[in-house]
Amino acid sequence: MAGRRLLILGGTGEAAALARALAEAEDWEVTTSLAGRTRAPAALPGAVRTGGFGGIDGLAAYLRAERIDRVIDATHPFAETMSANAAAACDRLGVPLLRIERPAWTPAPGDRWIDVADANEAADWLAGNLPAGSAVLLTLGRQDVAPFKRCPELRFVLRSIEPPASEGLPPDCLLLSERGPFTLDGERALIARHGIRAVVAKNAGGDATAAKLAAAREAAIPVVMIRRPTPLATPAVADIAGALDWLSRPR
């Protein structure tokens, strides 16, 4: 049993927590893979690799070369390509794969959520429903900002760990380079300070960034919520405890 090799596809709090939980274990050699989009990620125990694999074929070659025994996909709920590649590569090689799928957020009484499919639909809703000059808080990360360039009459506050390229930004956009978790008091203050009239978010779930939803509810402003992609058929658990239980079972 000793020395079995686990690949964690990371970039989330769950991935980091799992790596820490296994740090003292003697029966798993853990490697966490990061996409490399964040220049200064938090330190992790165990081995860490950074950068893409080169699609399904590249990931399959890595799993074979490194003699990986199991894979846990703990990527962001919106990391569709990586999750699909992991499912295909593991299926090809017969490597057991588990997905950590944190529960999605659900609206609470008093919420004003606008359900949309993607950033393009979110931008269309803002353009058609907010008065000119309104301020909007974008909490999407830097990969999904470009659609909001077609809302030049609105002001944007973009919160992202890493700044996007300047050519991808809306004309009137303030950048906040910040990393969660965020507090309710902090989110209240941000909304008041910038006069935020709407929040745009992906339904990532989890506690680290949920305070913005409560702050928006208190301020009676809408949250334009981008729904999650349709989940794959990969076996999934909701938390670290479920992942540790899966690892404890015979293959």
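Predicted, not measured: the structure shown is a model, and the values here were computed from it. As a basis for the values below, the full set of heavy atoms in this structure was taken, side chains included, without hydrogen atoms, waters or symmetry mates.
How far SG of Cys151 is from CG of Asp124: 7.5 Å, rounded to the nearest 0.5 Å. Atoms CZ and NE2, on Arg155 and His194 in that order, are 9.5 Å from each other to the nearest 0.5 Å. Distance check, rounded to the nearest 0.5 Å: CD1 of Ile56 to CG of Asn85 gives 5.0 Å.
Although no hydrogens or angles enter the test, the distance criterion places no donor-acceptor pair under 3.5 Å between the side chain of Thr31 and the main chain of Ala47. Distance alone, capped at 3.5 Å, places no donor-acceptor pair between the Ser33 side chain and the Gly10 backbone.
We find that Asp207 and Arg102 are not joined by a salt bridge, their nearest charged nitrogen and carboxylate oxygen being 4.0 Å or further apart. At a threshold of 4.0 Å, the pair Glu187-Arg159 counts as salt-bridged, since one of the basic side-chain nitrogens sits closer than that to a carboxylate oxygen. The pair Asp69-Arg5 does not count as a salt bridge, with every side-chain nitrogen at least 4.0 angstrom from each carboxylate oxygen. Ion pair Arg49/Glu66 not flagged as a salt bridge, since none of the NZ, NE, NH1 or NH2 atoms sits closer than 4.0 Å to an Asp/Glu carboxylate oxygen.
In terms of heavy atoms, Pro103 sits closest to Arg228 at O-NH2, 3.4 Å. Across all their heavy atoms, Ile221 and Arg197 have their closest contact at CB-O, 3.6 Å. Looking at every heavy atom in both residues, Ala198 comes nearest to Leu130 through CB-CD1, 3.9 Å.
The shortest distance between side-chain heavy atoms of Arg70 and Leu6 falls below 4.5 Å. Residues Pro170 and Leu154 have side chains not in contact (no heavy-atom distance under 4.5 Å, counting atoms from C-beta outward). Residues Met82 and Leu59 are in side-chain contact: their nearest non-hydrogen atoms beyond the backbone lie under 4.5 Å apart. Side-chain contact between Leu244 and Leu18 is present, with at least one heavy-atom pair separated by less than 4.5 Å. Side-chain atoms of Ile100 and Ile240, non-hydrogen and from C-beta on, do get closer than 4.5 Å to each other. Leu169 is listed as a side-chain neighbour of Leu175, based on a closest heavy-atom distance under 4.5 Å. Residues Thr230 and Glu80 are not in side-chain contact: their nearest non-hydrogen atoms beyond the backbone lie 4.5 Å or more apart.
Legend: ring pair (Phe, Tyr, Trp, His ring centres under 6.0 Å) pairs involving residues 107-148, not counting sequence neighbours, sorted by first then second residue: Phe148-Phe156.
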> Run the side-chain contact (heavy atoms from CB on, under 4.5 Å) check on Leu247 and Ile72 step by step: do they pass?
Replying inline: CA-CA 9 Å; Leu247 290 171; Ile72 291 183; 4.0 Å; yes
>> Determine whether Arg188 and Thr183 satisfy the following criterion, side chain to side chain donor-acceptor pair (under 3.5 Å), listing intermediate values before the conclusion.
In response: CA-CA 9 Å; Arg188 287 169 177 153; Thr183 66; over 6 Å; no
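Take Phe182 and apply the ring pair (Phe, Tyr, Trp, His ring centres under 6.0 Å) test, not counting sequence neighbours, and it matches no residue.
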